[in-house]
Amino acid sequence: MSNSSSQLDETTPRIPESVSDVSASTSPSKFRWVKVVELGYVEDDEAGSNGDDVENNCPRCFQCGASAASDDTKLSRCSRCQVASYCSRDCQVTNWKGGDGTVGHKFSCAAYKRVGEDMMIIFSDDKDEARQDILSRIRFYALPYAIHKSLSSGRGFLFLQSDSSLAILSLPAPILSNGRKFPKQRSVLLHWLTMKEFDSEVCMDDFELATVRKELKSAVETYDQKVEVPVLMRFRCGHVAVGIAPLVPDYKLCTMLGKEYYSETSGAVQLNIDDM
């Protein structure tokens, strides 16, 4: 996946405590998706399963990790998502609540229902929600970056790329549907690009992205810089979407955070999702 020609800054900034309080109490407004395409990239074994290795591929308890491959382990699934498995009632109750730095299943059940046991998102509405969940999770980093870069580079769009699929990146925690921990770092790469850079760099690298150019150009030309940001998202699985993201936090706070986080950043920024 292309990193364009920009310099990569791998340091994920930390949100000041006062801003985190705002994040917890502020819900993002409605996202608008104007174009979605499936480029159908050929995927390798992203989840790192080992073919016929029964022990490695069998479902595991989401809480303690007990494997269904064991003769004395019987797993039951969550009645809501029909994905998360547990070896006992105690494990299910503990995992539902979460704690000690882990995301409780109470907050991730809907996401697992969305991806199913095959780790694939089928329905378009579910894909819309998955993209919105990803953007909502990183908005206090990504949107200040977009505003900061737009002030120096002019009108453009936030280009978000990931080496993870939409399904894997949309999960609140790096735990796959079989209960195994995802073996790689989940991350997104952010660029702020103008349409000229899109034509000369991005489309030269992946000509299929030209299929969204019309809608992307319209979004870049018409968006209100004080309340929204155009976004192009591309995932490992070939899922591509153009949308308009509301500015949450607002323009003034995005400007302040952008200056604090990115004043010494000249190029792309990598955000490690599970370190945030």
Side-chain angles (χ1 to χ4, degrees), residues 4 6-7 9 11-36 127-162 170 188-202 209 212-234 240-271 273 276:
S4 186
S6 302
Q7 180 181 355
D9 183 343
T11 303
T12 300
R14 294 296 175 186
I15 299 176
E17 214 171 293
S18 59
V19 176
S20 296
D21 294 339
V22 176
S23 175
S25 61
T26 305
S27 298
S29 302
K30 184 72 174 176
F31 288 75
R32 291 183 285 126
W33 303 107
V34 297
K35 181 74 171 182
V36 178
K127 292 178 181 180
D128 290 349
E129 290 181 4
R131 292 190 302 272
Q132 179 164 332
D133 284 353
I134 293 167
L135 283 170
S136 296
R137 194 184 316 159
I138 65 173
R139 67 186 187 275
F140 273 84
Y141 302 101
L143 297 183
Y145 170 80
I147 294 302
H148 180 73
K149 297 296 290 185
S150 70
L151 291 175
S152 59
S153 301
R155 295 183 76 90
F157 63 94
L158 181 66
F159 186 24
L160 183 155
Q161 303 178 83
S162 179
S170 69
V188 295
L189 186 65
L190 305 178
H191 290 85
W192 180 260
L193 298 176
T194 63
M195 285 304 300
K196 182 178 180 180
E197 290 169 321
F198 175 76
D199 290 336
S200 63
E201 298 178 22
V202 179
L209 284 177
V212 303
R213 187 185 187 281
K214 177 182 177 181
E215 291 78 10
L216 182 61
K217 183 173 184 292
S218 176
V220 170
E221 292 176 345
T222 60
Y223 79 98
D224 186 338
Q225 293 173 286
K226 295 298 179 69
V227 298
E228 56 193 6
V229 170
V231 179
L232 172 62
M233 305 179 77
R234 178 172 68 174
V240 175
V242 176
I244 308 292
L247 275 184
V248 178
D250 63 24
Y251 182 83
K252 183 177 181 180
L253 187 52
C254 277
T255 302
M256 181 191 76
L257 293 176
K259 183 177 181 180
E260 180 177 344
Y261 293 165
Y262 305 114
S263 59
E264 298 181 2
T265 300
S266 59
V269 169
Q270 178 173 308
L271 300 180
I273 298 295
M276 296 167 62

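- Summarising the geometry, atom CZ belonging to Phe140 is positioned 10.5 Å from atom CE belonging to Met276; distances are rounded to the nearest 0.5 Å.
- When all heavy atoms are compared, the tightest approach of Ile138 to Leu160 is CD1-CD1, 3.5 Å.
- Closest approach of Phe198 to Leu209, counting heavy atoms only: CZ-O, 3.5 Å.
- Once rounded to the nearest 0.5 Å, the distance linking CE of Met195 with CZ of Arg213 reads 4.5 Å.
- Across Val220 and Gly156, no two heavy atoms sit closer than the pair CG2-O, 3.6 Å.
- Taking CZ of Phe31 as the start and CG of Leu135 as the end, the distance is 5.0 Å to the nearest 0.5 Å.
- With hydrogens and angles ignored, the 3.5 Å screen pairs a side-chain donor or acceptor of Glu197 with a backbone N or O of Thr194.
- In this structure, Ile134 CD1 and Leu271 CG are separated by 12.5 Å, a value rounded to the nearest 0.5 Å.
- Looking at Glu260, its side chain never comes within 3.5 Å of a backbone N or O of Met256 through a donor-acceptor pair.
- Here the closest heavy-atom approach between residue Pro230 and residue Tyr223 is recorded as CG-CD2, 3.3 Å.
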### Task
Take Val227 and Tyr251 through the test side chain to side chain contact (heavy atoms under 4.5 Å, CB included) and record every step on the way to the result.
CA-CA 7 Å; Val227 298; Tyr251 182 83; over 6 Å; no

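- With rounding to the nearest 0.5 angstrom, the OG atom of Ser263 is 6.0 Å from the NE2 atom of His148.
- Between Gln225 and Leu247, the shortest heavy-atom distance links the atoms O-CD1, 3.7 Å.
- The backbone N or O of Tyr141 lies less than 3.5 Å from a partner atom in the side chain of Tyr262, making a donor-acceptor pair.
- Lys149 places no side-chain N or O within donor-acceptor distance of the main-chain N or O of Gly154, the cut-off being under 3.5 Å.
- Between Ala146 and Val229, the closest heavy-atom pair is CB-CG1, 4.0 Å.
- In this structure a side-chain-to-backbone donor-acceptor pair under 3.5 Å is present from Ser150 to Ile147.
- In this structure a side-chain-to-backbone donor-acceptor pair under 3.5 Å is missing from Ser218 to Lys214.
- The CH2 atom of Trp192 sits 9.5 Å away from the CG atom of Leu151 when rounded to the nearest 0.5 Å.
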